[in-house]
Amino acid sequence: MRKYEDTYQHKGFRKRLVDILREKGITDNQVLTAINTIPRHYFLDSAFDKIAYEDRAFSIGEGQTISQPYTVAYQTQLLQINKQDKVLEIGTGSVYQSTILAEMGAKVFTIERQKKLYDLQKNYYFRNKYPNIKFFFGDGFEGLPTFAPFDKIIITAAAPFIPPKLIQQLKPGGLMVIPVDEGDSQRMLRITKLDDGTVKEEAFEQFSFVPMLTGKNR
Ligand code: SAH
């Protein structure tokens, strides 16, 4: 059995990480507080214990990664989370991003297409602390029509295009944050769905994500 321990050293590393994120331009205190609260090392293999708070992505198996803290902070800040927001996340991966959103008070619906990664949630350490995260095995291109509409949608893999079904599942006035491009790096876009159903698009920095793939993988 894995032993989970959040020591003073971990807390110190985390505080330093928050300082780095602030230096890199993250200003939303709610986001920084959530990152300061959540022990990122719990989402990684114990071999990463000492480096879990470096501002970089790490492998979580199946060719997938836990996003870099700066990327998590950046996407979360763009989402402008309010307590009780209904948020759809595409790409559960390590559950770290979902946990940050849940800590900020959002109701999180997260979809993963890789069965092995989806199954990780069965041992999710914070299950009792964050019952506001609901896990789904499926294809993010389809979204979750039964639970739509959502206040916010976050895509944590590189999308080849903006999935039309996800736009449909966004509330009027809702926001979607999505890295788009099939090349080596993606432009972070924020889509606002206007009351008349049309969308407004804003472009931000370049990031590098693993690809958003179609279909499920058992
Ligand atoms: N949010 C994650 C980052 C995971 S990396 C975290 O905090 O750790 C991206 C994840 O998206 C991978 O787990 C990958 O399997 C998943 N993914 C890729 N395409 C997908 C799709 N169409 N639907 C659902 N998940 C997808």
Side-chain angles (χ1 to χ4, degrees), residues 17 21 31 34-35 37-45 48 51-79 81 87-104 106 108-126 130 133-145 147-148 150 152-167 169 176-182 184-186 188 207-218:
L17 172 62
L21 296 176
V31 174
I35 288 178
T37 305
I38 304 299
R40 187 176 189 239
H41 64 287
Y42 285 20
F43 298 81
L44 292 163
D45 190 275
F48 294 92
I51 53 173
Y53 295 97
E54 290 180 11
D55 188 21
R56 46 183 276 217
F58 291 109
S59 167
I60 54 170
E62 308 308 308
Q64 303 305 323
T65 55
I66 179 173
S67 301
Q68 183 181 347
Y70 177 65
T71 308
V72 172
Y74 197 95
Q75 287 196 282
T76 310
Q77 175 165 290
L78 285 179
L79 276 180
I81 295 297
V87 182
L88 174 65
E89 179 193 23
I90 311 303
T92 312
S94 70
V95 201
Y96 179 70
Q97 172 73 69
S98 324
T99 306
I100 295 290
L101 292 166
E103 168 64 23
M104 292 173 71
V108 184
F109 297 76
T110 184
I111 313 180
E112 175 56 56
R113 70 175 286 282
Q114 292 237 30
K115 188 70 167 59
K116 278 199 181 144
L117 292 175
Y118 168 75
D119 285 340
L120 289 180
Q121 55 91 6
K122 290 177 184 153
N123 299 319
Y124 176 52
Y125 181 81
F126 291 118
Y130 301 111
I133 304 178
K134 305 276 181 255
F135 296 92
F136 299 86
F137 174 54
D139 178 359
F141 281 99
E142 301 298 321
L144 286 175
F147 294 92
F150 298 95
K152 311 282 163 70
I153 300 181
I154 173 171
I155 288 85
T156 68
F161 53 84
I162 298 166
K165 287 182 183 166
L166 297 187
I167 297 284
Q169 293 173 30
M176 172 156 96
V177 173
I178 178 168
V180 182
D181 201 312
E182 283 177 289
D184 288 344
S185 78
Q186 295 78 42
M188 194 66 77
F207 290 85
S208 187
F209 283 84
V210 296
M212 180 176 181
L213 303 170
T214 46
K216 294 189 272 192
N217 185 354
R218 287 191 177 270

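FYI, side chains are in, hydrogens and waters are out, and symmetry mates aren't considered; it's all heavy atoms of this structure. Starting from 1, each residue takes its place in the sequence as its number. Order of appearance sets the numbers: ligands from 1, and atoms from 1 within every ligand.
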Margin query: Heavy-atom pairs closer than 4.0 Å: do any link ligand 1 to the side chain of Q64, the backbone, both, or neither?
Written below: side chain

Item checked: Atoms of ligand 1, numbered as shown, that sit under 4.0 Å from any heavy atom of Q97 -> 1 (N), 7 (O)

Item checked: Part of E89 within contact of ligand 1 (heavy atoms, under 4.0 Å) -> side chain

Notebook entry, point to check: Where on S98 is there a heavy atom closer than 4.0 Å to ligand 1, on the side chain, on the backbone, on both, or on neither?
Noted result: neither

Checklist line | Element-labelled atoms of ligand 1 that are located less than 4.0 Å from some non-hydrogen atom of I90 | finding: 23 (N), 24 (C)

Check: Is T214 in polar range of ligand 1, meaning some N or O pair under 3.5 Å apart?
Finding: no

Note to self: For ligand 1 and Q114, I'd like to know whether there is a polar contact (N/O to N/O, distance under 3.5 Å).
What the structure shows: no

Check: Among all protein non-hydrogen atoms, which one is nearest to atom 19 (N) of ligand 1, and what is the separation to 0.1 Å?
Finding: L213 N, 3.0 Å

Item checked: Element-labelled atoms of ligand 1 that are located less than 4.0 Å from some non-hydrogen atom of T156 -> 1 (N), 2 (C), 3 (C), 5 (S), 9 (C)

Checklist line | Residue portion contacting ligand 1 (non-hydrogen atoms closer than 4.0 Å) for V210 | finding: side chain

Item checked: Per-atom contacts of ligand 1 with S94, taking only distances under 4.0 Å to non-hydrogen atoms -> 6 (C), 7 (O), 8 (O)

Notebook entry, point to check: Backbone, side chain, both or neither: what part of L117 comes under 4.0 angstrom of ligand 1, heavy atoms only?
Noted result: side chain

